[in-house]
Amino acid sequence: MSRKFSLSHLRNIGILAHIDAGKTTVSERILYYTGKLHRMGEVHDGQAVMDWMAQEQERGITITSAATATEWRGHMINLIDTPGHVDFTVEVERSLRVLDGVIALFCAVGGVEPQSETVWRQTEKYSVPRIALVNKMDRLGADFYGVVESIQKQLGANAVPVVIPIGSEDSFRGIVDLVDNCAVYYDKADRGMSWHEEPVPDDMIERTEKCRKNLIEKVSEVDEELFEKFCNGEDISSEELSHAIRKATHSRTICPVLCSSAYRNMGVQRLLDAVIAYLPSPLDLPPISGQCLEGKPIERVPRDDGRLAALAFKVVTDRHVGKLVYVRVYSGTLESGSYVYNSSENKMQRAGRILRMHADKREAVDALYTGEIGAVTGLPNTSTGDTLCCEENPIILEAIEFPSPVLSVAVMIEKKGERDKLSRALQKLSEEDPTFIVSTDPDTSETIISGMGELHLEIILDRLKREFAVEVTTSPPRVAYRETITSSVDINEKLSKQTGGRGQYAHIIMTLKPMPAGHGFEFRNQVKGGNIPREYIPAVEKGIVDAMSRGVMLDFPVVDIRVTLKDGSFHEVDSSEMAFRKCAESAFKKAFMRGNPQLLEPVMSVSVTTPEDYAGNVTGNIYGKRGNITSMDLQGNAQVVKAFIPLSEMFGYATDLRNMTQGRAGFTMHFEHYKAVPFSIAEKVLEELKKK
């Protein structure tokens, strides 16, 4: 076995952007011009190869990252098309973890949009070299130079054009290549497959010279020889300039900017040339670092004959082949049928088939070599973020961090007997998606599913129905209220029943007293003289605990009460543990309802990070949710608002926050304490809960 392309001729790239910037259209053109496709599919027709899920085709959006491999000018390109919607940011996160370079796509009209900022921050997190593509130059309102300026200002990037457009909107007809210093026009007759080069148009010579000078000036900062030539006014060849751009891109000193109209088949081939010329191969990047089992740092150099080190970055359940584990090989060779060691789980597994993916299509190969991306069957104990290596020289690569879910709903099966079926389906879906969490509320016994937003959960529910044939209904999760009293109560309760044989007798005198929030339950025994035998005292406490756990007003647990057992009496024949347990339960319920009962609600500690422009909207909304703001601090150019907000007011907050901040804000929350529900609110809650 041997690899077809050398490491230096391999590119692992992804396409990232805000929703509707044209990522999938660009991907389709890349596959068409590289010969992978013989017919281009369009997103709006539901025919795009990279949007293969039914849900993607129906909605015209990308939901899951799709991987494929293609060839261009003697190079192999592994391409991952990622979603642009914020609900599916997990797909971007795990893709960036294994990519060597990215194409950051911007709409020529919209420019830097909310999700553009998010994915840009993610590339910063993983230090991934980037090239930018300003797409949709044929659209009304297209402004290439305005977008370049917004990339510089809003993202803080050193964006430098390497091509500039010839015309815009309806008059967009080609590009000027600043490196080769020529104009490029695409032939519409054969859908852009052929193009021809001409001298730069006379009306663009001045702008071209200005932009080329700016390009040379920027890249000469990382190339001393080029800098000397530039200072001395010497001519700089295309090869020298291209080499300097590559060097500056790898160090992330600059971000080369190109332009296109992918829908009109213009500019994509120059983008492919830029991928080969400027983005790094695995050899251009530092060796991957990890830890040995003892915790010491170690590295793996990219070599086919080196020690195996691969990262599982995605898990998919395929109806035809079962569980598919997507991996990136950083060192060594992963062969079909070989035994691999999962160092994250300390388990040996046998790799089944090795597959090179083309969206939802598969091509069996003998092995994945260093730097390559593919899928493996036969790894039942491998999850997202696990490391696969050789047992003799184990390494644990850095796992992938995922954001916490922000929205939850309760799910209930519509047909009896499908609970196990639902559990299996939810388990498979949560294996695929680390941001999809399934849990059972211990207080309400509801099955709760949590995700990154309404669209995320909508897709999950749709997949439950289509792929697993499980019908469910949803509702907002029940708020786990608590009950307590606000005044002390004395109770004298007697249980006396005769049934012809042995009867039931128990007599209890006790006091209920409210305690401070968070105190919990306290039981005190002050019975003297053996009026209640010692062996019955635990039964009294159990009866009280039973009543508290089931609740009195609305079946919510009772908290923060001290019960003092003061006196009572018993019968030599008719008294028993069960009698005292029932008597205590009855006494507690009666006393509770006389103690001015009160409903308590969970209060969450919420931290909202928002651009300053939206801070007023955010704080106003918090006050409208009965929130109490505790602090406001600056963090860079963002405002961090911390507050306490009742949980009942937080349902749908993720959507509200996105709407009021154009998707630029985020939040985290966790449980803080219980607090009394205001009387006016409590009446409404009581009415609603009694209806249910």
Side-chain angles (χ1 to χ4, degrees), residues 86-87 89 118 121 401-410 434-444 446 448-454 456-457 476-484 515-520 556-560 598-612 614-661 663-682 685:
V86 66
D87 280 17
T89 187
T118 303
R121 285 196 298 269
E401 289 183 15
F402 297 109
S404 301
V406 297
L407 188 68
S408 302
V409 296
T435 60
F436 173 61
I437 306 295
V438 182
S439 61
T440 302
D441 191 314
D443 296 315
T444 63
E446 291 178 312
I448 308 295
I449 61 172
S450 305
M452 299 305 295
E454 289 180 353
H456 186 196
L457 293 182
R478 289 177 65 192
V479 176
Y481 290 101
R482 296 288 186 265
E483 301 173 10
T484 192
M515 300 301 289
H519 185 86
F556 291 111
V558 176
V559 296
D560 302 332
Q598 188 176 57
L599 198 63
L600 303 176
E601 63 182 345
V603 176
M604 313 304 286
S605 176
V606 181
S607 178
V608 183
T609 303
T610 174
E612 285 191 84
Y614 305 103
N617 293 343
V618 169
T619 54
N621 183 263
I622 288 173
Y623 286 126
K625 292 181 177 293
R626 299 192 284 126
N628 175 31
I629 294 176
T630 57
S631 69
M632 292 181 68
D633 301 300
L634 275 175
Q635 190 177 84
N637 59 354
Q639 190 85 39
V640 180
V641 183
K642 294 186 177 179
F644 293 140
I645 307 175
L647 177 61
S648 60
E649 302 283 350
M650 291 301 293
F651 297 128
Y653 184 63
T655 304
D656 293 344
L657 186 64
R658 285 177 190 169
N659 290 339
M660 75 178 86
T661 64
R664 286 181 163 89
F667 79 100
T668 59
M669 71 174 182
H670 63 266
F671 171 74
E672 187 65 29
H673 58 258
Y674 274 91
K675 182 182 177 182
V677 179
F679 181 73
S680 59
I681 304 290
V685 172

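The first residue in the sequence is number 1, and the count goes up from there. The figures that follow rest on heavy atoms only: side chains count, while hydrogens, waters and symmetry mates do not. Worth saying up front: this structure is predicted, and the values here are computed from it rather than measured.
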Within a strict 4.5 Å, meaning less than it, do heavy atoms of the Met632 and Val641 side chains meet?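 The answer is yes; the side chains approach within 4.5 Å.
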
Listed partners of Phe644 passing ring pair (Phe, Tyr, Trp, His ring centres under 6.0 Å), at least two apart: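 Counting only residues at least two positions away or on another chain, Phe644 forms a ring pair (Phe, Tyr, Trp, His ring centres under 6.0 Å) with His673.
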
Which value, rounded to the nearest 0.5 Å, describes the distance between [X] atom [atom1] and [Y] atom [atom2]?
| X | Y | atom1 | atom2 | result |
| --- | --- | --- | --- | --- |
| Ile622 | Asn617 | CD1 | CG | 11.0 Å |
| Tyr614 | Thr619 | OH | OG1 | 14.5 Å |
| Leu657 | Asn621 | CG | CG | 8.0 Å |
| Tyr674 | Leu647 | OH | CG | 8.5 Å |

So, using side chain to side chain contact (heavy atoms under 4.5 Å, CB included) as the criterion, who are the partners of [X] when residues are at least two apart?
| X | value |
| --- | --- |
| Ala517 | Asp560 |
| Ser648 | Val479, Tyr481, Glu601, Arg626, Pro646 |
| Ile437 | Pro405, Ser450 |

What are the two closest heavy atoms between Val558 and Thr484, and how far apart are they?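 Closest approach of Val558 to Thr484: CG1-CA, 4.5 Å.
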
For Ala615 and Thr610, work out which heavy atoms get closest and say how close.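 Taking Ala615 first and Thr610 second, the nearest heavy atoms are CA-CG2, 4.2 Å.
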
Side chain to side chain donor-acceptor pair (under 3.5 Å) partners for Glu483, two or more places apart: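 Not a single residue meets the side chain to side chain donor-acceptor pair (under 3.5 Å) criterion with Glu483.
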
Counting only heavy atoms not in Lys625, do more than 12 fall under 6.0 Å of its NZ?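 Enclosed.
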
Which residues share a salt bridge (charged side-chain N to carboxylate O under 4.0 Å, His left out) with Lys642, sequence neighbours left out: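 Here no residue qualifies.
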
Check the pair Phe556 / Leu600 against side-chain contact (heavy atoms from CB on, under 4.5 Å), numbers first and verdict last. CA-CA 10 Å; Phe556 291 111; Leu600 303 176; over 6 Å; no

